[in-house]
Each structure stands twice: as C-alpha cells, then as structure tokens.
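Here's the structure we're looking at; comments come further down.
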Amino acid sequence: MGEVRVRFAPSPTGYLHIGGVRTALFNWLFARHEGGKFILRIEDTDRDRSTDEAIDMIVKGLRWTGIDWDEGPFRQTDRLELYRQKARELMDRGQAYWCICTPEELEARRKEAQAQGGAVKYDGRCRERSITSPTQPAALRFKSPQEGETVIDDLIKGPIRFDNSVLDDLIILRSNGYPTYNFSVVIDDALMGITHVIRGDDHVNNTPRQVPMFEALGYDVPRFAHLPMILGADKARLSKRHGATSVLAYQEMGYLPEGLVNYLVRLGWSYGDQEIFSISELVEKFTFDHVQKSAALFDPEKLLWMNAEYMKHTDPKRVAELLMPFLEKQGYDPTGPVHPNGGVEALIPPLRERARTLVEMVDWALPYVTDSVSMDEAAAKKFLTPEIAPSLQKFADRVKGVEPFSQETLELVFHAVLEEDGLKMGKLAQPLRVALTGRTASPGIYDVMELLGKVRTLQRIDRALKRIGSAPTNS
RNA sequence: GGUCCCAUCGUCUAGUCUGGCCUAGGACGGCACCCUCUCAAGGUGCAGACACGGGUUCAAAUCCCGUUGGGAUCACCA
C-alpha cells in the first residue's frame, strides 16, 4: 500500500460537535503517525440544511484544537458535475436505474411495511421498468447486489458480515440532481484516493451499501475503521441535554485545546496506564490496536481534571496569553494602570493550583488586575475587626520600610508582628487576606503581597483600616 | 420489529487476540488521614468491577454457545 490518505468529512449543518472533533482527531493522528495525508471535505449536498456559517465554525473549531489538514477544505457542491458523470457511468453499465416513485408514495409504503413488521426496504418496483429518459421528476437508484454477502474487515471491530439480501437500492441522485450521501462519499473517497475511512460507529450499516458501489465503479475499496460513539451520562447519544457539545463552547469555557484533545483521545483509546500525552507522543503512539470497541460515556469531571493538569504543566507564558481575552472580558485593561507585579504571567503559577479552567482562573485573578475589588461582606465582618486593627496597622507601618519588597522580607516582618502581638499565623493572615483581596481564599499571603506590590498592599490595608474605623462599634 | 455492533470498579481504562504471572492493575470521582496562613495543590490510605448461565480445559476476565442488557441503523439527512 502506498501513502495513507484519510479524511474528515463533516456536514455543515451546525456547530462542530465534540464527537466530530474526536473523529477528526483519530483521522489526523493516524495520518500523522503514518506520515500520510489528512484531508478536509465538507459534505454539503443537503442544500437545505448546509450553511456557510457552519463551515466557518468547523474550520475555526479544528484550528483551535490544532488539527491541520493537508488538502481541502473541499466542498461537495463544487463537485456536482463529477457525481452526475459517475452516476451516468453507472447507468450506462446497467448498475443504476431511474425511479419515478414519489417521496410521498415511498413514505406511505414504508409506513405500511413497518406496520406489518416486515423489512423496511425499497420494493424495487422501478428496477425493471428500465426508464431511459424520465418525463417526470425521477431519482436515480443504485442496483444493489441481492445475493451473496459483503464482508468488511474493520480495523477496530474485526470482520463484519452482511447478507446482501438486506441491501436495498439506494437513491444516489435526487430528483433535484444532487447526489445523496452514500453516493458522494464513495465517489469522493475513491477519487481522492482515500485509503482508510475512519468514521463514527453509526456508519457501519452504511458500509455494506457503499462497498458494492466502489466495486461497481471499479475502484479499490478502502479499509474501514469504525470508532465507538461518545455517550452522555445517561448512555444516550451526546446532545445539548448533557451540556455543551460544541468545541467552540469548550474554548469559551476556558479549556486548553491540549487538554480537551488529550481527554477526547483517551476516550476510546489507551496506551497502557498512561493518561497524559503530548501531541507528539500521541502521534508517535497512536495505532488502532488500542482503540476500544464499545461506546464511552463523556465525563465532564475527568475533563476538568485533565484540563487542570494542562494548566499546571503548560508554559506560564502560554497560559497567560490564553487567559488574556478572558481577563479583558472581565474588565482588565492591558494598557491601563493596574497590573499584577511581574505582569499577568506572574499570576499563573500561584493561580493555576486553584483553577481548573481559564474561566475559574480569571475569577482568582480579579483582585490583582483591577483596583475595584469587591469586598465579601461576611468575610469583612468576621475578620476586619477592631481587635485586629492595631496589628494590621503595625504590620503596614513596618512594610513601608521593607526593602526589597520580597516574600522573604515580608515573612520576616510578618512573623515579627505575630510574635510581638502574641498572635498565631492565621489570626493575622486571614484579616490581611481579606483586606488585600476582599475574600477569604487566595494564594499564600506573601504571594498575594508580592503580586500586589508595595503601594497597593499598603493602600488596601489602609482602606481596610479606615473601614474598620468607620464601622459602627458594637460588642 | 429487521440488520449490525458492544459488554472489566459510578466513569475512562489495563489485562482478552497469544488461557495460568489477576487473591483483576491504573486514572477520574468519592471517603479518611497527613501537610497547612485561607482555598487549592500535593502525599498516604480505604471502598469499588470481570452482566448472567452453560460448556471446553488440569486451569477462563481471557476460548465457544446461549441468555440478558445497552447502543447504532433502517430517508430523494449525513
């Protein structure tokens, strides 16, 4: 076999689904692993449901995940003449025929057959009519073999046998002249030299209908690999009910593309006990031997954990870049006067221990990127008390003279105050934390001060002391 | 209903092809403890699965058959 050529062929009828991304990923990984080509093809032959916006979202989604393609995107609607030509060829060879049954008639017969519990399949009544030039709306049907069996040797599931008698004569050209899916895939896969068709499990039943078409046209039949589906927590097909299913939504929710990719690949594929894989490792290690045969449930909790891992181990600089748009959305002005000491990048190490997504991280970052810090009233009431004010004041006075303003020196000063005032660490740290951040939870108190810088640290302690002073005294 | 696929902890999975090393391993989540200035992170430990029934075999999570359960699909959608 020559070069490996695979494709991802979504239909642009909505946003790019997480399941679609996984299919694309397995294709891409296989292509990269084999040193082959990955092709993007848009299956837009359903002109009623296909939109340009959807194509945009597919491209955007793939780009975000880091999946790149070597050829395409091709659009099937640009290739209509090709399908018609091939359909004609089939007709000339007597392997296709015109069908003048109307959709309504077909529907009625289907219902009847279903009611009687029989096989729901085209009855083939136009098969022998040999209509050469229909004068009424007509669709072209493929003459499917009715005898023998079609066996596909699936790369994941192994051999699957189908009795050809269950096959019915599919419409390959609609009466509007557009090809149907089962025909255009075959033509494109053949003409684009696709060697491996890697797609969702939901296509296995299409495969025995497509194989005879390859054969009828004299094309090589590609290898097939049918990926197990991704299900929601209730074991139903993943849908909006289970939360977001659009990739772009995951971007908005603050996931790192690497984290999502890693999670998605591990859903159905494994390499021993390993959980975390870099992209290059994935490319190096991916083969079909370890692809699961059964469906997997999408577990948002594990995704969150995986993403947290990536937040912790990705270069802080990159995390900072990814965080920036989220910060700006929350009011941070990169050109304004308020910045964490050391820049946004300095925020990453202390905050990423506490956040599983960029969105969570932004919330932690708020006290350092803006001066309009909101005060948690309950926290203020509990910790910003007249009793602690003198110690806070003393600490502030000492901090003024601290040079350099670093964690080490701050720690010395802080402990000196504790000792002098006979306080335990937490007694002073919590009020200070609340004064500085407006909340009871934050990174280590020295980290906080360092991030804030001397001026802001003093300002906020001062602000807190004033607040205590003006608060109505009650015992 | 027809056809097809699948079946190890709640979840993702290792082990299955090439039976014995499996008193079934890891990870997420849960619980407990440790660490601790808060929240996390981290560390340690605990609970938790071979769907069921028959075979084959000295030996079965692993092979065979059946049952049950789940899923996919049956369009002039893809």
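The chains referred to below are lettered A, B, ... by the order of the sequence lines, with proteins before strands, and numbering in each begins at 1. In this text, all values refer to a predicted model and were calculated from it rather than measured experimentally.
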(message) How about CD on Glu420(A), more than 12 heavy atoms from neighbouring residues, nucleotides or ligands closer than 6.0 Å, or not?
(response) yes
(message) On the side chain of Asn206(A), is there an atom forming a donor-acceptor pair with the base of A78(B) - under 3.5 Å, no angle test?
(response) yes
(request) Tell me which nucleotide among C39(B), C4(B), A41(B) gets nearest to the side chain of Lys312(A). (result) A41(B)
(request) Could you work out which one of C28(B), C6(B), A14(B) sits closest to the side chain of Ser270(A)? (result) A14(B)
(message) Just the rounded figure in Å: distance from P of A78(B) to CD1 of Ile42(A).
(response) 14 Å
(request) Give me the one residue out of Lys121(A), Arg127(A), Arg125(A) that meets salt bridge (Lys or Arg N to Asp or Glu O under 4.0 Å) with Asp123(A). (result) Arg125(A)
(message) Looking at A78(B), I'd like to know if its phosphate oxygens (OP1 or OP2) sit under 4.0 Å from a side-chain N or O belonging to Gln76(A).
(response) no
(message) Considering every strand and a 4.0 Å limit on heavy-atom distances, what is the contact class for Ile160(A): base, sugar-phosphate, or nothing?
(response) sugar-phosphate
(request) State the pairing partner of U73(B); accept Watson-Crick or G-U wobble contacts with both distances under 3.5 Å, and report none otherwise. (result) G2(B)
(message) Please report the distance, rounded to the nearest Å, between CG in Asn182(A) and P in U73(B).
(response) 13 Å
(message) More than 12 heavy atoms of other residues, nucleotides or ligands under 6.0 Å from NZ of Lys285(A): yes or no?
(response) yes
(request) Between Ala9(A) and Arg22(A), name the one whose nearest nucleotide on RNA chain B is closer to the 5' end. (result) Arg22(A)
(message) At less than 3.5 Å, do the side-chain atoms of Glu275(A) and the base atoms of G26(B) form a donor-acceptor pair?
(response) yes
(message) Could you check whether any side-chain N or O of Lys427(A) sits under 3.5 Å from a backbone N or O of Gly422(A), counting only pairs where one atom can act as donor and the other as acceptor?
(response) no
(request) Just compare C6(B), U73(B), C76(B) and give me whichever is closest to any side-chain atom of Lys157(A). (result) C6(B)
(request) Among A78(B), A75(B), C28(B), find the nucleotide with the atom closest to the side chain of Arg110(A). (result) A75(B)
(request) Provide the Watson-Crick or G-U wobble partner of A49(B), both distances under 3.5 Å; none if there is no partner. (result) none
(request) Give the nucleotide from the list C4(B), C28(B), U13(B) with an atom nearest to the side chain of Arg266(A). (result) U13(B)
(request) Would you mind reading off the distance between Asp202(A) atom CG and A72(B) atom P, rounded to a whole angstrom? (result) 9 Å
(message) In this structure, how many angstroms lie between the P atom of C74(B) and the OH atom of Tyr181(A), rounded?
(response) 11 Å
(message) Any donor-acceptor pair, under 3.5 Å, between the side chain of Ser442(A) and the base of C39(B), if you only look at N and O atoms?
(response) no
(message) Looking at Arg237(A), I'd like to know whether one of its side-chain N or O atoms comes within less than 4.0 Å of OP1 or OP2 on U73(B).
(response) yes
(message) So Pro443(A), base contact, sugar-phosphate only, or nothing? Heavy-atom distance under 4.0 Å.
(response) base
(request) Identify which nucleotide among A78(B), G42(B), C6(B) has an atom closest to any side-chain atom of Thr180(A), counting heavy atoms from C-beta outward. (result) A78(B)
(request) Grab the OH-C1' distance between Tyr83(A) and A78(B) for me, whole Å please. (result) 13 Å
(message) Taking pairing as Watson-Crick or G-U wobble with both contacts under 3.5 Å, can you name the mate of G42(B), or confirm there isn't one?
(response) C34(B)
(request) Would you please confirm or rule out a distance under 4.0 Å between OP1 or OP2 of A78(B) and any side-chain N or O of Thr45(A)? (result) yes
(request) Provide the Watson-Crick or G-U wobble partner of G20(B), both distances under 3.5 Å; none if there is no partner. (result) C58(B)
(request) Please determine, for the side chain of Trp364(A), which listed nucleotide (C39(B), U11(B), G25(B)) has the closest atom? (result) C39(B)
(message) Of the listed nucleotides (C76(B), C28(B), A41(B)), which one gets closest to any side-chain atom of Glu353(A)?
(response) A41(B)
(message) Could you tell me if Arg129(A) sits above the aromatic ring of Tyr97(A), with its cationic atom closer than 6.0 Å to the ring centre and no more than 45 degrees from the axis?
(response) no
(request) State the pairing partner of U68(B); accept Watson-Crick or G-U wobble contacts with both distances under 3.5 Å, and report none otherwise. (result) A7(B)
(message) Given 3.5 Å as the limit, does a donor-acceptor pair link the side chain of Arg141(A) with the main chain of Asp169(A), or not?
(response) yes
(message) Nearest to the side chain of Asp299(A), heavy atoms from C-beta on, is which of G42(B), G70(B), G10(B)?
(response) G10(B)
(request) Could you please name the option among A78(B), C37(B), A41(B) that lies closest to any side-chain atom of Tyr446(A)? (result) C37(B)
(message) Does the structure place the NZ or CZ of Arg47(A) under 6.0 Å from the centre of the six-membered ring of Tyr178(A), at an angle of no more than 45° from the ring's axis?
(response) yes
